[in-house]
Amino acid sequence: MGTPATGTYTAKLTDGPLEGKTITTEFLESGDPRPRLEIPADTGAKRYLYTRGAGLEFESSEFPERPTTVDYRYLEAVFD
C-alpha cells in the first residue's frame, strides 16, 4: 500500500476507450479519492480524462473508512 499518509486505491474504468481496465492511484492528501484522472494514451500526445463515478467498494480492514475501489467514467480525450 502507498505511503501511510495517503495510501492507494484501485480506479476501475467503467466505460470509454479504457473500459474494463484498472489502475492504482493515490488518495488526495485529504484522504478522498481523486475527482478526476488523466491517463496518457499508449501513443501520441493524447490523454484520456476520466471523472469519478458513484461506485465505491470498501474491503480494507486497515482503513475501513476509505474505499479500496472507485469507479471512474470516461469524459473526453485531450490532445496536446
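Only heavy atoms go into these numbers, but all of them, side chains included; no hydrogens, no water, no symmetry mates. Small disclaimer: the values here were computed from a predicted structure and weren't measured.
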For residues [X] and [Y], report the shortest heavy-atom separation together with the two atoms involved.
| X | Y | answer |
| --- | --- | --- |
| L37 | A11 | CD1-CB, 3.6 Å |
| P64 | S61 | CD-O, 3.6 Å |
| F27 | P67 | CZ-O, 3.2 Å |
| K46 | A77 | CD-CB, 4.1 Å |

Could you tell me the separation between the [atom1] atom of [X] and the [atom2] atom of [Y], rounded to the nearest 0.5 Å?
| X | Y | atom1 | atom2 | answer |
| --- | --- | --- | --- | --- |
| R66 | D32 | CZ | CG | 8.5 Å |
| K12 | E19 | NZ | CD | 11.0 Å |
| F58 | T69 | CZ | OG1 | 10.0 Å |
| T68 | E62 | OG1 | CD | 12.5 Å |
| T51 | R73 | OG1 | CZ | 8.0 Å |

If we ignore hydrogens and angles and just use 3.5 Å, is the side chain of R34 paired with the main-chain N or O of E26 as donor and acceptor? yes
Would you say the side-chain atoms of Y50 pair up with the backbone N or O of D71, donor to acceptor, closer than 3.5 Å?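 Not a single qualifying donor-acceptor pair exists.
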Going by heavy atoms in the side chains, are L18 and I23 under 4.5 Å from each other?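 Not in contact.
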Do L49 and Y74 sit in one hydrophobic cluster, given that two such residues count as connected whenever their side-chain heavy atoms are within less than 4.5 Å of each other, even indirectly? no
Do the ring planes of Y9 and Y72 sit parallel (below 30°), tilted (30 to 60°) or perpendicular (above 60°)?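 Correct class here is parallel.
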